[in-house]
There are 2 protein chains.
Amino acid sequence: MAKINDNGIVREANCSEELMAMRDSLDVLGGKWKLMILRFLTNRTHQVIHFKKMQREIDGISAKMLSKELKELETNLLVSRTIQETKPITVAYAITEYGKSVLPVTETLVNWGLSHREKIIDSINK
Amino acid sequence: MAKINDNGIVREANCSEELMAMRDSLDVLGGKWKLMILRFLTNRTHQVIHFKKMQREIDGISAKMLSKELKELETNLLVSRTIQETKPITVAYAITEYGKSVLPVTETLVNWGLSHREKIIDSINK
DNA sequence: CATACTAGTTTCTCTTTGGTAACCGGTTAC
DNA sequence: GTAACCGGTTACCAAAGAGAAACTAGTATG
């Protein structure tokens, strides 16, 4: 058994738990589109978002992938889907309260992406 | 042109830049293993990490994938590879200073994974 | 001389991912 | 009536992802 005072072993145990937690996150949030969709919906909480609108505004996503990813996000309670009895019928997608808990993840990814781009541009100019 | 004072349009422009930044991040950090490897190396900065050790301790990764992912991380200057003239020859992998800038991303993913697991367990027990 | 360890690479295969394009039913505008 | 919009689904196909197992090459051990 791990000795409480052995930093090496304790750290190793913590590490493995951390990696398992990260695996859990990546299983739910991983892939090409899920975090993009969540970020998009988080930024538009004040608007009603329809399927076609998302497809137009998330660069490069196809109807097939958007449909598939939205289903999976809905299953994991991160996104809500509401049919509105308008004519023609429209469907409103929105981030759920639980979905908002992913905000810190997308926030760090946005920030890292911005600084990474700066780094690349600097390395070209120098 | 976008009106400076039109919150809708300004927000939309910001959103699209945010999504582009996230796409940049996901292109470099996305996939099944890269963030796992970076987290593992970040946690072991005080140790010398060899190839076989990583393969044993990152659950489920194959030699092929580990080799491929390490190459890509090295290309992006996130991981360093140092051949040590021991006998037998060993190769030490380490996180770079730039690689450490990814820590906020893995941190939020670990935290989200932990709370997500709690949520799942609660929803089973209730 | 056989075994085992380091650090991978190669081959083969299967699965997953993802894109294109056609298509569906319903509604509305011309 | 016909074209266009909404919210998708389906079929087809290509590319990428990923695992298993065999293999290379050098060193060291018994």
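Per chain, numbering begins at 1; letters A, B, ... match sequence-line order.
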Student: For D:dA16 and A:Lys32 - does any side-chain N or O of the residue sit under 4.0 Å from the phosphate oxygens OP1/OP2?
Tutor: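 Checking A:Lys32 against D:dA16: no side-chain N or O falls below 4.0 Å of OP1 or OP2.
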Student: Between A:Lys100 and A:Glu97, does at least one N-O distance fall below 4.0 Å, as a salt bridge requires?
Tutor: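 Yes, A:Lys100 and A:Glu97 are salt-bridged.
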Student: What integer distance in Å separates A:Ile37:CD1 from C:dG18:C1'?
Tutor: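 After rounding, the reported distance stands at 13 Å.
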Student: Without decimals, in angstroms, what is the distance between B:Lys53 NZ and C:dA7 P?
Tutor: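 The answer, rounded to whole Å, is 11 Å.
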Student: Of the listed nucleotides (C:dG18, D:dG8, C:dG8), which one gets closest to any side-chain atom of A:Ser67?
Tutor: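 Per side-chain heavy atoms of A:Ser67, the pick is D:dG8.
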Student: Could you tell me whether A:Ile89 contacts a base, only the sugar-phosphate backbone, or nothing, with contacts defined as non-hydrogen atoms closer than 4.0 Å?
Tutor: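 Sugar-phosphate: the residue A:Ile89, judged by heavy atoms under 4.0 Å, touches backbone atoms but no base.
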Student: Check this for me: does any side-chain nitrogen of one of A:Glu69 and A:Lys32 sit under 4.0 Å from a carboxylate oxygen of the other?
Tutor: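 No, this pair does not count.
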Student: Between C:dG19, D:dC6, C:dT9, which one does the side chain of B:Lys71 approach most closely?
Tutor: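 Selected nucleotide: C:dT9.
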Student: So B:Lys64, base contact, sugar-phosphate only, or nothing? Heavy-atom distance under 4.0 Å.
Tutor: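 Base, at least one base atom sits under 4.0 Å.
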Student: Nearest 0.5 Å please: distance from the CG atom of B:Leu38 over to the OG1 atom of B:Thr42.
Tutor: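 One finds 6.0 Å between CG of B:Leu38 and OG1 of B:Thr42.
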Student: Quick one: B:Leu70 CG to C:dT9 C1', roughly how many Å, whole number?
Tutor: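 Those two atoms, CG and C1', are 14 Å apart.
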Student: If only side-chain N and O atoms of A:His50 are considered, is one of them under 4.0 Å from the OP1 or OP2 phosphate oxygen of D:dG7?
Tutor: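 Yes.
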Student: Can you tell me if B:Tyr93 touches the phosphate of C:dG8, counting only side-chain N or O atoms and a distance under 4.0 Å to OP1 or OP2?
Tutor: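 Yes, such a contact exists.
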Student: Could you tell me how far apart B:Leu66 (CG) and C:dT9 (C1') are, to the nearest whole angstrom?
Tutor: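 Atom-to-atom, B:Leu66 to C:dT9, this comes out as 13 Å.
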Student: Please report the shortest heavy-atom distance between A:Ile61 and A:Met65, naming the atom on each side.
Tutor: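 Taking every non-hydrogen atom into account, CG1-CB, 4.0 Å.
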Student: Looking only at side-chain atoms of B:Arg81, point me to the closest of D:dA18, C:dG8, C:dG19.
Tutor: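 Shortest atom-to-atom distance from the side chain points to C:dG8.
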Student: Do the side chains of B:Val28 and A:Ile124 join up, straight or via other hydrophobic residues, at under 4.5 Å, putting them in one cluster?
Tutor: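 No, B:Val28 and A:Ile124 fall in different hydrophobic clusters.
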Student: Any side-chain N or O of A:Arg56 less than 4.0 Å from the OP1 or OP2 oxygen of D:dG7?
Tutor: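 So the side-chain polar atoms of A:Arg56 never come under 4.0 Å of the phosphate oxygens OP1 or OP2 of D:dG7.
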Student: Checking all strands, does A:Thr90 fall into the base, sugar-phosphate, or nothing category for heavy-atom contacts under 4.0 angstrom?
Tutor: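 Sugar-phosphate, no base atom in range.
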Student: Roughly how many Å is it from CG in B:Asp59 to P in D:dG19, rounded to a whole number?
Tutor: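 The answer, rounded to whole Å, is 11 Å.
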Student: Starting from C1' on C:dA7, measure out to CE on B:Met54 and report it in whole angstrom.
Tutor: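 Answer to the nearest Å: 13 Å.
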Student: Quickly work out the B:Ile83 CD1 to C:dG8 P distance and round it to whole Å.
Tutor: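 Answer to the nearest Å: 8 Å.
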Student: Taking for each residue the nucleotide of DNA chain D with the nearest heavy atom, is it B:Lys68 or A:Val91 whose nucleotide lies nearer the 5' end?
Tutor: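 The residue mapped nearer the 5' terminus is A:Val91.
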Student: To the nearest Å, give me how far apart CD (A:Glu85) and P (C:dT27) are.
Tutor: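 These atoms are roughly 11 Å apart.
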